[in-house]
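Written out below as C-alpha cells is the structure these notes cover.
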Amino acid sequence: MDIQTLDYAIIFTFFAIVLFIGIYVSKKSGKSSSEYFLSGRTMPWWLLGLSMVATTFSTDTPNLVTDLVRSNGVSGNWGWWCFLLTGMLTVFVYAKLWRKSNVNTDLEFYEIRYGGKAASFLRKFRAIYLGVFFNVITMASVTLAAIKIGGVMLGLDPWVTVVSAGLITVIFSALGGFKGVVYSDFLLFFVAMGGAIGAAVYLVNLPEVGGIQSILENENVQGKLSILPDFSDKKALITALIIPLAVQWWSSWYPGGEPGGGGYIAQRMLAAKDENHAIGATFFFNIMHYALRPWPWILVALASLVVYPDIASIHEAFPNVTEDKLGHDLAYSAMMTKLPTGLLGIVLASLVAAYMSTISTQLNWGSSYIVYDFYKQQINPNATEKQMVNVGRLSTVILMVLSAFLALALQDAMGVFNLLLSFGAGTGLIFILRWFWWRINAWSEITAMFSSGILAVLLETTSLREILFAPETGVFPEWADLPFIMVVTSIIWLTATFVTQPESKEVLRSFYLKIQPGGPGWKKIVDEADAENVEIVKSNEKWSVPAGITAMLLGVVLIYSIMFATGYWIYQETQLALILTGVAVVSGFFLIKAWGRIKDNIL
C-alpha cells in the first residue's frame, strides 16, 4: 500500500493536536479525583453527547458492522440497533435519576440503594469485574480491530500496531483524565465522521464497484440489502429481529447499551452541569449514534462484497495476514487500501481517532472504578486526592497493557460481541427495576451477576451448548441460548430476592428521598412513611415515568424512521423513503409535545 508524505503529515498532525490537549489539561485534571474522572461536573450537554458518540465510534465498530452485513445482510445489524430502546429509556427516564444521585461512579450507587456488607462486596467486586475483566475484553476487541487495520493497510506486525497505537493513547489518557478525553472527543468525532463519509463516497464510486446502482444490482449484494430479515426464514427472523427486540435490549448488559444507563454513559451523565444537560447529552448521543452513523459503514460493507465476495478473496489479496486474524470483518480495512493520497491520510487519522476515543474513555472509566470503588473502599479509605489521581494514572497503564496482550490472542469482533451479550444476559431487568421496586436488594444483583456469568462460561467451555442447543438433536432450538440464560438468570435472582431480607427501612427511605423515583413499586415505603417523612409522600406524586415511556416510544419511532428513510433513499426506493420521512416528522412533533409534559424543556 502506497502511503505518501501528505498522508503521514495528516496523521502526525492529528497525533500532535491530541497529545497537546492531554498535556494542556493535565495540570487541572490532576488537582483532584473529581476533576480527573468527572471534570468537576461542569460539562455541557452538546460536548458530552459528542463525547459519547466519539467513544462508541470505535475501530472495531465498522469492522463489526462489515462482518454483520457480509455474514447476515443489513438486517444483521438489529443485534445492536435494538439497543436504541435502551438508549431512549435512559434519556427519558433514567438520565435525571443518575444526575440526582450525584455519585462519583455508577457503582457508588450500590451503597446508596443497598446497605450492609452485601452492598459493600457488590461495589468492590463489580469494580474489578467491570473495570478490569469486562473493560479489558472490550478494549482488546477494539485493539484487535487496530491490529487488522495495521496489518492490511500498513503491513504492520500485530505487536507493532499494539505498541505504537497503545503508547500514545495511554500517555494521553493518563495525563489528561476525563477532561482531556472529552475535549479531544470533540475533535475525534469530526475527524472520524468525516473520514467514514468520505471513504464511503469514494469507495462506492470505484470503477470496480461501479456506483450505487451497480452495487444494488450485484448478485453478491442483492440478498444482503433488506433492512428487515426474511420473514419466511423462521430462524433468521427469530435470531435477527425477534430476540433483539423482545429480549436482548432490556435483558442484556452491554458496554454503551446498559439497561437503565451505566458505564461510561453514566459517567458522562454524572459529569453534566445538571439534570437537563444529562438528558440533553444522552438524547443527542442516541440521535447521532443510530440515525447518522450506520450507513457509511454499511455502504462500504456492501461495496466490499463486489470487490471481495468471500474470505478467500481477501486472503488472496492480503497473503501477509495470518490465518488466525482472517474473517469477514477484515473486508473494511481491505477496502480502505483503495483510497487515494490525502483521503487515505484522513481516513487513517479517523481510524486512529476512533481507536483513541474509545480506548481513552474505557481507560478513564475503568480506572475510576478501580480508584473510587476498590482502592478507596478496600485498600486506603483515607486516600488523599493526589494519591487517588496517581492510582488512577497507574491503573490506566495496567489496563492498557492487559488489553494489549489479550488483543493478540483474539480473532474476530463478532465473537467478542456475542460473548459479552451472553455474560450480561438476564441482568438487565434488575438495572431497570432497581430504581422503581423497593424489594430488589444487593443479593438480587449478586446472584444475577454470578449466574449469568457461570452459564455463559459453561456454554462456551463445556458440552452443555451441544446438549441443549445442537441443531436437530438439542433440547432447545439453536437460537434459544440467549433467552435460556435470561430465563434461568431471572428465576435465580427473583428467588434470591424473596428468600433474602429486604434492605432496611432507613436505607430505602434515604434512597427514596434523595432520588424521588416515585411509582407503585415504592407504595409500601410510602404507605409506611410517618409524619417525619412527609416528603416521601409528597415526592410520590411526581412520578413522570408513564410520560417518559411515551416519549421513549416516540423517540424510538423518530430515530428508526430517520435511519431507515436514509437507507431507502440510498436504495432509491422513493415511496418508502418518503413515507418514513413523513413518519419521522410527525413523531418528532409529538415527541416535542410529550417532552413538554414532562419538563418545560430539555436543554
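The analysis underlying the following values was restricted to heavy atoms, covering all of them including side chains, and did not include hydrogens, waters or symmetry mates.
In this structure, L553 and M88 have side chains that are not in contact, with every pair of non-hydrogen atoms separated by 4.5 Å or more. Proximity of P477 to K235: side-chain heavy atoms (C-beta onward) are nowhere separated by under 4.5 Å. The shortest distance between side-chain heavy atoms of I359 and Q362 does not fall below 4.5 Å. At least one side-chain heavy atom of V91 sits less than 4.5 Å from a side-chain heavy atom of I279. The side-chain heavy atoms of R434 and Y110, taken from C-beta on, include a pair separated by under 4.5 Å. With a 4.5 Å cut-off on side-chain heavy atoms, L459 and F469 count as touching. When side chains are defined from C-beta on, D329 does not count as touching T66, because their heavy atoms never get closer than 4.5 Å. D373 has its side chain out of reach of R126: every pair of non-hydrogen atoms, C-beta onward, lies at least 4.5 Å apart.
Between T282 and M52, the closest heavy-atom pair is CG2-CE, 3.8 Å. Nearest heavy-atom pair across R439 and T500 is NH2-O, 2.8 Å. Considering every non-hydrogen atom in both R268 and S51, the closest pair reads NE-OG, 2.9 Å. Contact record, W493 with A448: CB-CB, 3.8 Å, taken as the closest heavy-atom pair. For W78 against A240, the heavy-atom pair with the smallest separation is CB-O, 2.9 Å. Listed here is the closest heavy atom pair of V583 and S561: CG1-OG, 3.2 Å.
Going from atom CG of L48 over to atom CG of L270 covers 10.5 Å, rounded to the nearest 0.5 Å. Distance check: I440 CD1 to L508 CG gives 11.5 Å after rounding to the nearest 0.5 Å. Here OG1 of T447 is found 6.0 Å from CD1 of I430. Values are rounded to the nearest 0.5 Å. L591 CG to I559 CD1: the interatomic distance, rounded to the nearest 0.5 Å, is 8.5 Å. Going from atom CD1 of I515 over to atom CZ of R99 covers 11.0 Å, rounded to the nearest 0.5 Å. One distance of note links CG of L97 with CD of E275; it measures 8.5 Å at 0.5 Å rounding.
A salt bridge between R465 and D481 is present, with a side-chain N of the basic residue lying under 4.0 Å from a carboxylate O of the acidic one.
Although no hydrogens or angles enter the test, the distance criterion places a donor-acceptor pair under 3.5 Å between the side chain of R293 and the main chain of V53. Side-chain atoms of H277 come within 3.5 Å of backbone atoms of W45 as a donor-acceptor pair (strictly under, hydrogens ignored). No donor-acceptor pair under 3.5 Å is formed between the side chain of R123 and the backbone N or O of E111. In terms of modelled atom types and a separation under 3.5 Å, the side chain of T105 and the main chain of E108 share a donor-acceptor contact. Listed for the T566 side chain is a donor-acceptor partner under 3.5 Å among the backbone atoms of I562. In this structure a side-chain-to-backbone donor-acceptor pair under 3.5 Å is missing from Y129 to L122. Here the side chain of S141 pairs no donor or acceptor atom with the backbone of I137 at under 3.5 angstrom. A donor-acceptor pair under 3.5 Å is absent between the side-chain atoms of S463 and the main chain of E466, judged by distance alone.
Counting heavy atoms of neighbouring residues, nucleotides and ligands inside a 6.0 Å radius, atom NZ of K505 does not exceed 12 of them. Other residues, nucleotides and ligands contribute more than 12 heavy atoms inside 6.0 Å of the CH2 atom of W438. With a 6.0 Å radius and a threshold of 12 heavy atoms from other residues, nucleotides or ligands, F590 has its CZ atom at or below the threshold.
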ask   = Between I243 and I238, is a side chain to side chain contact (heavy atoms under 4.5 Å, CB included) present by the stated rule, with each step listed?
value = CA-CA 6 Å; I243 288 179; I238 291 173; 3.8 Å; yes
request  = Just do the side chain to side chain contact (heavy atoms under 4.5 Å, CB included) check on T462 and I467 with the steps written out, would you?
outcome  = CA-CA 10 Å; T462 71; I467 295 169; over 6 Å; no
request  = Show your reasoning for whether side chain to side chain contact (heavy atoms under 4.5 Å, CB included) applies to W365 and D106.
outcome  = CA-CA 10 Å; W365 164 62; D106 57 315; 4.3 Å; yes
request  = Applying side chain to side chain contact (heavy atoms under 4.5 Å, CB included), run through V65 and W80 and close with a yes or a no.
outcome  = CA-CA 9 Å; V65 170; W80 68 276; 4.0 Å; yes
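Using cut-offs of 30° and 60° for the angle between ring planes, the F109 and Y114 rings count as perpendicular. The aromatic rings of W98 and W435 lie perpendicular to each other, with more than 60° between the two planes, well past the 30° mark.
Ring-centre distance between F374 and Y369: not below the 6.0 Å cut-off.
None of I227, L64, N72, I298 except one satisfies the side chain to side chain contact (heavy atoms under 4.5 Å, CB included) rule with N77; the exception is I298. For the ring pair (Phe, Tyr, Trp, His ring centres under 6.0 Å) criterion with W81, the lone passing option out of Y560, W249, Y290, F564 is F564.
Under the 3.5 Å distance criterion, with hydrogens and angles disregarded, no donor-acceptor pair is assigned to the side chains of N441 and E503. When only modelled atom types and interatomic distance are considered, S510 and K514 share no side-chain donor-acceptor pair under 3.5 Å.
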